[in-house]
Amino acid sequence: MDYIDLRSDTVSWPTPDMREAMANAVVGDDVYDEDPTVNELQEKAARRLGKEAGLFVASGTMGNLVAILAHCGRGDEVILGDRSHTYLYEAGGISVLGGVHSCQLPVQPDGTLPLDLIRGAIRPDNLHMPITRLIALENTQGTVGGIPVPKRYVDTVGAIAQEHGIALHIDGARIFNAATALDCDPKDLVAAADSVMFCLSKGLCAPVGSMLVGSHDFIAKAKRVRKLVGGAMRQAGILAAAGLIALEKMTLRLADDHATARMLAEGLAEIPQIEIDLAHVQTNMVFFSLRADTGISAPELAERLKAYNIRVRAGGQHGFRFVTHYWIRPEHITQVLEAINKELP
Ligand SMILES: Cc1ncc(COP(=O)(O)O)c(C=O)c1O
């Protein structure tokens, strides 16, 4: 990349080997299940996460939407976090397109939803109420700092879901970051889930695409919903070719992104005008804020950093979220810290 872009890992470009694989991809019509590259990606994604089947979808938003609509009918209810991506940033698709009702529980600083509130939110059999069909968790939980949610917690929520005959979906846009940070096999981390969405884009650098995995029955339903929302693609093997590299190669190097995030966080912690909780930096996201009396706002600092070829995004008057990814190297972190030090009054 020709600038240092810390706004998100979604800005990452495909790697040179992805571009080559895309150019040479063997393709077919995926609506007829005839694209060998898509088929390979779907099989490998399912195997990697310990599920029976996989489905290639255009985006994380589409993956969550398709999953929730496959689990829930109109008027059914999903329990999810009040700061989850699905609730906040997916255009309300589950209710607009699926008539799915949501019950939002408070996301805790450790990325979990309180277990007693989950139990309490599951509806009794009462005709006045919607029917609870699904619990949706997010891992890593982005809005609280890219926090990885441990297997023990996911298993407990899975057991609650099972006890009540409802399903568990995981928005695992960054599930491989979570597994890397927790040092566990991603399969184990999602063992309790009925469905998982993860993104091949973002930190894994594919230009387009996410995967949905689950049982054969679930994926068959999801495939119908994907068609319904216009997501059945034709020679999608061109995209899946990059996805295979994302899955097989890029998932193995995420510890590097976590190390650059840590380097950045530790450098920021040494700057007196900055407030940061180092314990909260566990994956590739670094949340911090400028002290209120610093004399410069976060949007102003973001603007000034452009002169150094650095792109960042302010959250409010004082806050920032910086995200590391494949294209951010340790030398970039040094440049960013120097630039911030220079610009802070
Ligand atoms: C946790 C989470 N879920 C879902 C998505 C949606 O992914 P997409 O942008 O591919 O639709 C994002 C996007 O950043 C995300 O952070």
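In listed order, ligands and their atoms are each counted from 1.
The closest protein non-hydrogen atom to atom 11 (O) of ligand 1 is Thr61 OG1, 2.6 Å. Arg174 NH1, 2.9 Å is the protein heavy atom nearest to atom 16 (O) of ligand 1. Nearest protein heavy-atom neighbour of atom 3 (N) of ligand 1: Asp171 OD2, 2.7 Å.
With respect to Lys44 and Glu40, a salt bridge is recorded, a charged nitrogen being found less than 4.0 Å from a carboxylate O. Between Asp9 and Arg174 there is a salt bridge, since a side-chain N of the basic residue sits under 4.0 Å from a carboxylate O of the acidic one.
Atoms of ligand 1 found under 4.0 Å from any heavy atom of Glu138 (numbered from 1 in listed order, with element): 1 (C). Of all atoms in ligand 1, numbered sequentially from 1 with element shown, those under 4.0 Å from a heavy atom of Ala173 are 1 (C), 2 (C), 3 (N), 15 (C). Residue Ser59 has at least one heavy-atom neighbour below 4.0 Å for each of these atoms of ligand 1: 10 (O), 11 (O). Close contacts of ligand 1 with Asn64, meaning ligand atoms under 4.0 Å from a residue heavy atom, involve 4 (C).
Nearest-heavy-atom check against atom 9 (O) of ligand 1 across Glu90, His85, Lys202, Met197 picks out Lys202.
For ligand 1, the polar-atom distance check against Thr140 finds no nitrogen or oxygen pair separated by under 3.5 Å. In terms of N/O distances under 3.5 Å, ligand 1 is not approached by Ser201. For Gly60, a nitrogen or oxygen atom sits less than 3.5 Å from a nitrogen or oxygen atom of ligand 1, counting backbone and side chain alike.
Ring orientation note: the planes of Phe322 and Phe288 are nearly perpendicular, at an angle over 60° on the 30°/60° scale.
No close placement of the Phe320 and Phe287 rings is indicated, their centers lying 6.0 Å or farther apart.
In this structure the side chain of Val196 never reaches within 4.5 angstrom of the side chain of Met211, judged on heavy atoms.
More than 12 heavy atoms of other residues, nucleotides or ligands sit less than 6.0 Å from atom CG of Asn126. Atom CG of Asp125 is surrounded by 12 or fewer heavy atoms from other residues, nucleotides or ligands within 6.0 Å.
Shown are Arg47, Lys51, Glu52; of these, the side chain to side chain contact (heavy atoms under 4.5 Å, CB included) with Val213 is made only by Lys51.
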